[in-house]
2 protein chains.
Amino acid sequence: MPNYYEPCQCGRVSEVLQRVGDKWSVLVIMMLGDEALRFNELRRRIGGISQRMLTLTLRTLERDGMVNRTVHPTVPPQVEYALTPLGRSLWEPVEALGKWAHQNLPNIDRARQAYDSANGVAASAHEAEEA
Amino acid sequence: MPNYYEPCQCGRVSEVLQRVGDKWSVLVIMMLGDEALRFNELRRRIGGISQRMLTLTLRTLERDGMVNRTVHPTVPPQVEYALTPLGRSLWEPVEALGKWAHQNLPNIDRARQAYDSANGVAASAHEAEEA
DNA sequence: CCGTATCCGGGCGGATACTG
DNA sequence: CAGTATCCGCCCGGATACGG
């Protein structure tokens, strides 16, 4: 069973991985895990995302077949976003990764502190460059 | 069982996820999955990464406790990089994600083609802006 | 409410040159 | 071989204003 990241599609897979790692994409997928959400509701829940980025993120996810966009022709307009089967299938490994991240945050923090105290934290004091 | 991405550490988890999604970090972790590698060997295998970025990526991974850096005081110097237990534990969900990406590349491609033909591909022809 | 367009600053990351 | 330092273009992404 050879590796999935063999030279040929290594770049392509990496590309998908980047999308997964994309800050907003992941949060959107997480948020849409259970329910369909409207634009601003999604925006409120995520918090800290600009309108522009949410739009762009959703468009990309839609284009990649991860989310469905449903427009209700009411006034004012209502737009609902939900995961597609493909999106839901992605949700699972992402969830696993999220679980890992959540569990290992303390480990990472400790590793960083250890590293920073070993190598000088003072190294970051080069920001105090001028007298 | 509430969500792992509740407001409190939502940002932190997302931060870790971003690192995972980072193009080079993921490739490094994948490459180091089975064996320890030297700097330039790693660089050659990844392909397309600049010396600067490989250094930065390795430093960050080291600081986060994902990889071990071992210097053999020979001449010329030899430096070997290997996954730590923490790094190896990350490797698993990443591998799962890689598997997903590999399996679903065709689906994503088809979704994109469908999307692009539905909405005008010509939209991207706005690059031909001037007469 | 939902989305697009425009402006613009900051940082990511490649290229290059230089050390031990 | 392994790494640091510097320069610099480019694109990401926030802010803002406007349209349906």
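Atom P of nucleotide dC2(C) and atom CZ of R44(A) are separated by 8 Å, given to the nearest angstrom. For the pair F39(A) CZ and dC1(C) P, the computed distance is 11 Å after rounding to whole Å. In this structure, CZ of R38(A) is placed 7 Å from P of dC1(C), rounded to the nearest angstrom. Atom pair E62(A):CD and dG3(C):C1' shows a separation of 13 Å (rounding to whole Å applied). Distance, L58(B) CG to dC1(D) P: 16 Å, rounded to whole Å. In this structure, L54(A) places its CG atom 13 Å from C1' of dC1(C), rounding to the nearest Å.
At a non-hydrogen distance threshold of 4.0 Å, R69(B) from residues 65-73 of chain B come into contact with DNA chain D.
Shown here are the side-chain hydrogen bond (donor to acceptor under 3.5 Å, both in side chains) partners of D109(B), two or more places apart in sequence or in another chain: R12(A). Residues passing the salt bridge (Lys or Arg N to Asp or Glu O under 4.0 Å) test with R43(B), sequence neighbours excluded: none. With sequence neighbours excluded, the residues forming a side chain to side chain contact (heavy atoms under 4.5 Å, CB included) with Q78(B) are R38(B), H72(B), T74(B), listed by chain and number. Residues satisfying the side chain to side chain contact (heavy atoms under 4.5 Å, CB included) test with A36(B), not counting sequence neighbours, are E80(B), A82(B). In this structure N107(B) satisfies the side chain to side chain contact (heavy atoms under 4.5 Å, CB included) test together with L86(A), N104(B), R110(B), sequence neighbours excluded. Partners of D64(B) under the salt bridge (Lys or Arg N to Asp or Glu O under 4.0 Å) rule, at least two apart in sequence or in another chain, are R112(A), R19(B). By the side chain to side chain contact (heavy atoms under 4.5 Å, CB included) test, V75(B) pairs with no residue at all, sequence neighbours left out. By the salt bridge (Lys or Arg N to Asp or Glu O under 4.0 Å) test, R63(B) pairs with D116(A), sequence neighbours left out. Remark: E92(A) pairs with no residue by the salt bridge (Lys or Arg N to Asp or Glu O under 4.0 Å) rule, at least two apart or across chains.
The phosphate of dC1(D) (OP1 or OP2) has no side-chain N or O of Y81(B) nearer than 4.0 angstrom. Put simply, R43(A) has no side-chain N or O that comes within less than 4.0 Å of OP1 or OP2 on dC2(C).
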In B/S/- notation (B base, S sugar-phosphate only, - none; protein heavy atoms under 4.0 Å), nucleotides 5-20 of chain C written 5' to 3' is -B------BBB----B

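In this structure, S14(B) and K23(A) approach most closely via the heavy-atom pair OG-CG, 3.5 Å.
For the helix from dC1(C)-dG20(D) to dG20(C)-dC1(D), the angle separating the two terminal helix axes comes to 40°, with each axis derived from five pairs and the value rounded to 10°.
Here the straight-line distance linking atom CE of M66(A) with atom CD1 of I29(A) works out to 6.5 Å at 0.5 Å rounding.
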